[in-house]
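Reminder, nothing fancy here: chain letters follow the sequence lines and each chain counts from 1.
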Protein chains: 2
Amino acid sequence: MSIKNYKRQSVTLTDVAEAAGVSVVTVSRALRTPDLVSQAARDRVDTAIRALGYVPNPAAQALASARSRIIGVVIPSVTNQVFADLLRGVMDAVEGTPHAPQFVNTRFHGAREEDLLRMLATQRPAGMIVTGTDQTAASRAILGDMGCPVVQVMETGPDPVDMMIGCDHVAAGRAAVRHLLDQGYRRVGFLGARMDPRAQRRLAGYRAVMEAAGLDDPALVVTTAEPSSYSVGGRLMGDLLSATPDTDAVFCNNDDVALGALFECQRRGLRIPSRMGIVGFNDLDISACSVPTITSVRTHRYDMGHRAVEMIVAALEDARPAEAVIDLGFTLMERQSSRRLEGKTT
Amino acid sequence: MSIKNYKRQSVTLTDVAEAAGVSVVTVSRALRTPDLVSQAARDRVDTAIRALGYVPNPAAQALASARSRIIGVVIPSVTNQVFADLLRGVMDAVEGTPHAPQFVNTRFHGAREEDLLRMLATQRPAGMIVTGTDQTAASRAILGDMGCPVVQVMETGPDPVDMMIGCDHVAAGRAAVRHLLDQGYRRVGFLGARMDPRAQRRLAGYRAVMEAAGLDDPALVVTTAEPSSYSVGGRLMGDLLSATPDTDAVFCNNDDVALGALFECQRRGLRIPSRMGIVGFNDLDISACSVPTITSVRTHRYDMGHRAVEMIVAALEDARPAEAVIDLGFTLMERQSSRRLEGKTT
DNA sequence: TTGTAAGCGTTATCAT
DNA sequence: ATGATAACGCTTACAA
């Protein structure tokens, strides 16, 4: 089998037109704007298409129309479960549409994001989904020039490029920390890995509440730029306990870090939640199953991906959502790891 | 901004040709077969390309050459960490190549796989990566007709469509169970969710070893068709303990199930590994961090994705790997959850 | 409602 | 080594 010379398309519009006894334009129209074609013609075209097994050639469509059916999806990481959920939402949502997602990975690197956007721009995508709200000016410009619907996902904020769907990470951080204070914890630490813009905002929420309560103390905050993982979570917990032994609870950047911190506490024989309260973020499956279960902030990543696609499809049909910015909110899932007032322990 | 009429390409081959004072063909050749172009012409073309900021139009390339730069990647699930690792390998590997992966999700459904393959075929992909070795005859036929390199990933087996990279799941199952027997466990159960073809083969490995040891007992095997998850793992463990209370160890389908089983044992106060030994499969990060750490079988999913792309790229350059089938092997990672002989417990 | 004709930007064929 | 020319399969004016 030679790879260079592949047989060309077997059945083309022309073949269908011939079989249906109409011109190619009519076939094309029957496919994309059936309203402009008579019922009779439409039927004959449909019959011919089915009989011949015609399938459109996407490259030809893209070339002629200067529009592909690709939806570009720009995420900072593929390692992370959080982005996996987003991708799943996107993949499920494109089903039944003519669109296909194309995923690219910035690795949290702004310049790389610009390059990837430029690359995607050459494909004239039908729509774009990008993570977060902190694009560089250049990236925003490229997105604006793409001439397609753009949805920023994962968080909400002012000044959308086009549309936006996510949640308020500052508010989520505040809610998590307030919960810990409500449970009677006072020396509440913050454990953070990666510290991307959304993590920074959750930290800001933490700080706001701690300051308002007069409980803030820089020695309670331990972060690292490393990617988050269970092992990093354990190490951060250890570091915090060394630096600030009287810490009585932690709000963790995400559930990976929280679970790692939990394991570290178990290794050290610190009882949870009596000696140490733990709250995570994202509400991964595991947080509801671990022993003890972990309090976390549930976000709606799958829905963000799913609805972002829907927003793009709607916009392409001139039916943009009423609101350009959609806040999907979050839910604090109170579980054993922070429920001190009821006195449960491991 | 109108979405329907988007500006056409600003800089085309023709523009470059004009600027360089050569014909379009020469520019095209300078780009794809530089050896056939004089040094002088090449330099002028390069200069012009840089000056104008020319970027090729993928749709035009695909239409004219009947070949896109897409690599189709067919996986059965996106929920699973295992496939996330594969995707990561693929995404990293295409970097620096002109290729872009297009991921589709069969949801473990053979007919759906056929449809997706037909859809991908219309794009004339540069290469195909498909999961597993159990394609339907129709799927195999479509793949064979695509006229591009095809790599089956995740497992090895006879009769590749074209190329293959993975590991031997029967052997992996045998190794896991032998380890448990070596550690003195005798009533070794099998916990399995989803039970896709690869899980079936691991179960076959389990059975082979148990039968050879004269220890097989159908009451030790508990499986479900549900997708695997921590909670399902917990339930399966509970079911097995109800049915066969003297079970003293379990080989789990994968690490999700293993961790769920571990949590269930903790809830029931069963000491690990003394009362219950646990071995998982896949060696997810968490298995090295949990308390206790979980023995697992490490596979090389990232590498499979990465190398599958490399195999395709090589094949496209007429440099196929010497072996069509590559076995990446596996490694038993012995950890606390099954190390009974040294007497460690949680 | 339907058709004609002219691209879209590139690669392939065949000369030179 | 280079170029003229014809595809590639489809869409989009514009005309009828």
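Residues from residues 37-64 of chain A with heavy atoms under 4.0 angstrom of DNA chain C, sorted by number: A:V37, A:S38, A:A41, A:L63, A:A64.
Across the helix from C:dT1-D:dA16 to C:dT16-D:dA1, the helix axis at one end is tilted relative to the axis at the other end by 30° (nearest 10 degrees, each axis from five pairs).
Contact annotation: B:S23 side-chain N/O to D:dA4 OP1/OP2 distance is not under 4.0 Å. Checking the phosphate oxygens (OP1, OP2) of C:dT11, a side-chain nitrogen or oxygen of B:S28 falls inside 4.0 Å.
Note on B:R118 versus B:D145: no salt bridge recorded, every NZ/NE/NH1/NH2 to OD/OE distance being 4.0 Å or above. By the 4.0 Å N-to-carboxylate-O rule, B:E113 lies too far from B:R107 to be salt-bridged with it. Contact check on A:E114 versus A:R140 returns no salt bridge, with no Lys/Arg side-chain nitrogen under 4.0 Å from an Asp/Glu carboxylate oxygen.
Rounding to whole angstrom units, CZ of residue A:R69 and C1' of D:dC10 are separated by 13 Å. Following rounding to the nearest Å, B:R29 (CZ) and C:dT11 (P) show an atom-to-atom distance of 11 Å.
Backbone-only contact: B:R32 has heavy atoms under 4.0 Å from sugar-phosphate atoms and none from a base. Backbone-only contact: B:V22 has heavy atoms under 4.0 Å from sugar-phosphate atoms and none from a base.
Minimum interatomic distance between B:V37 and B:A30 (heavy atoms only, all atoms of both residues): CG2-N, 3.7 Å. The two atoms that bring A:Y54 and A:T12 nearest to each other are CE1-C, 3.6 Å, heavy atoms only.
Distance alone, capped at 3.5 Å, places no donor-acceptor pair between the B:R88 side chain and the B:Y302 backbone.
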